Amino acid sequence: RRVQGRAVVVVFSGDTVVARECWGQTRLQRSFLSYVMRAKLAHPLTPVYWFLISKGYKTYLLLTRNFPEHWPRHDRPTPPWQSALLDDVARHKYSAAWQPERGILHFDLCVGALREQVAPVTEQQLQYPDIRFFCERNPGHAGGDELCCLGRVNHRLWLYYTTKLLRRALGQETRHERAGEAR
């Protein structure tokens, strides 16, 4: 794709359902990281981004907990170019469902919603800024609305994730990491 005259590679993963007995495992995350890093290696001079649509806060947390550069986020606005990229990709892929002023996809005919028991949001979870932000930005998530997001794929992603896995193996992960990934 080209956005505002700049070439870009966009990876889209689509809806992913993880069996309950696999919750908390990292195999899917490691495989996906390997895939996007191969995409970056194939295009070393071109920006590479993951385009994620999220109807559940747990999916959004996969982005916030694993991609150091991601948008939208609670602690800073989306930069103009990334905002244009998000708009371009969402408009191209979902046209009428894309609501740019809200940053979400809203389908006239619901194409799927999370079962209530899969990812209910408790008052305790709303204390975490990422979860609160997700719920505020996507108040219709329980009805199937999807928050459109981007994660940048670059060398920082690989270093960040590798360091995180090492800290986990050594029992040194932070409270923030443990709380955000609790299943």
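Quick caveat, the model's predicted, so the values are computed rather than measured. Along the sequence shown, residues carry numbers from 1.
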Compare all side-chain heavy atoms of [X] with those of [Y] and state whether any distance is below 4.5 angstrom.
| X | Y | value |
| --- | --- | --- |
| L157 | P68 | yes |
| F67 | L150 | no |
| L52 | T59 | yes |

Side chain to side chain donor-acceptor pair (under 3.5 Å) involving [X] - partner list, sequence neighbours excluded:
| X | value |
| --- | --- |
| E69 | R152, N154, R156 |
| W71 | none |
| R102 | Q99 |
| T162 | none |

Tell me the closest heavy-atom pair linking [X] and [Y], and the distance in Å.
| X | Y | result |
| --- | --- | --- |
| C148 | I53 | SG-CG2, 4.0 Å |
| A39 | V48 | O-CG2, 4.3 Å |
| M37 | W158 | CE-CB, 3.7 Å |
| S83 | T78 | N-CG2, 3.6 Å |

Quick check for you: to the nearest 0.5 Å, what is the distance between [X] atom [atom1] and [Y] atom [atom2]?
| X | Y | atom1 | atom2 | value |
| --- | --- | --- | --- | --- |
| K58 | L61 | NZ | CG | 9.5 Å |
| T64 | H74 | OG1 | NE2 | 8.0 Å |
| C149 | I104 | SG | CD1 | 11.5 Å |
| S13 | F32 | OG | CZ | 4.5 Å |
| E136 | I131 | CD | CD1 | 12.0 Å |
| K93 | L105 | NZ | CG | 10.5 Å |

What residues, two or more places apart in sequence or in another chain, satisfy ring-ring contact (aromatic ring centres under 6.0 Å, His included) together with [X]?
| X | result |
| --- | --- |
| Y60 | F134 |
| Y35 | none |
| W81 | Y49 |

Under 3.5 Å donor-acceptor pairs involving side-chain atoms of residues 1-12, not counting sequence neighbours:
unit_1	atom_1	unit_2	atom_2	d
R1	NE	D88	OD2	2.8
R1	NH2	D88	OD2	2.9
R2	NH2	G5	O	2.7

Item to complete: Flag yes if more than 12 heavy atoms outside H92 fall under 6.0 Å of its NE2 atom; otherwise flag no.
Response: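 Open: at most 12 neighbouring heavy atoms sit under 6.0 Å from NE2 of H92.
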
Worksheet item: Is the number of heavy atoms from other residues, nucleotides or ligands under 6.0 Å of E101 CD greater than 12?
Response: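 Yes - once you tally the heavy atoms of other residues, nucleotides and ligands closer than 6.0 Å, there are more than 12.
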
Do the side chain of [X] and the main chain of [Y] share a donor and acceptor less than 3.5 angstrom apart?
| X | Y | value |
| --- | --- | --- |
| T163 | L159 | yes |
| E146 | K55 | yes |
| H43 | K40 | no |
| N138 | D145 | yes |

Fill in: Candidate list Q125, H141, R132, test side chain to side chain donor-acceptor pair (under 3.5 Å), partner Y57, passing option
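The side chain to side chain donor-acceptor pair (under 3.5 Å) with Y57 is passed solely by Q125 among Q125, H141, R132.
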
Fill in: Other ILVMFWY residues reachable from L166 by side-chain steps of under 4.5 Å
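Noted: L166 shares its cluster with L170.
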
Worksheet item: Please walk me through it: do D87 and W98 pass side-chain contact (heavy atoms from CB on, under 4.5 Å)?
Response: CA-CA 8 Å; D87 180 65; W98 172 232; 2.7 Å; yes

Worksheet entry | Partner residues of R137 under the salt bridge (charged side-chain N to carboxylate O under 4.0 Å, His left out) criterion, sequence neighbours left out |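 Partners of R137 by the salt bridge (charged side-chain N to carboxylate O under 4.0 Å, His left out) criterion come out as none, since no residue qualifies.
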
Discussion item. Under the rule for salt bridge (charged side-chain N to carboxylate O under 4.0 Å, His left out), what residues qualify as partners of R38, not counting sequence neighbours?
Written reply: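 Not a single residue meets the salt bridge (charged side-chain N to carboxylate O under 4.0 Å, His left out) criterion with R38.
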
Worksheet item: Using a distance-only test with no angle check, is there a side-chain donor-acceptor pair under 3.5 angstrom linking N66 and K164?
Response: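 Yes.
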
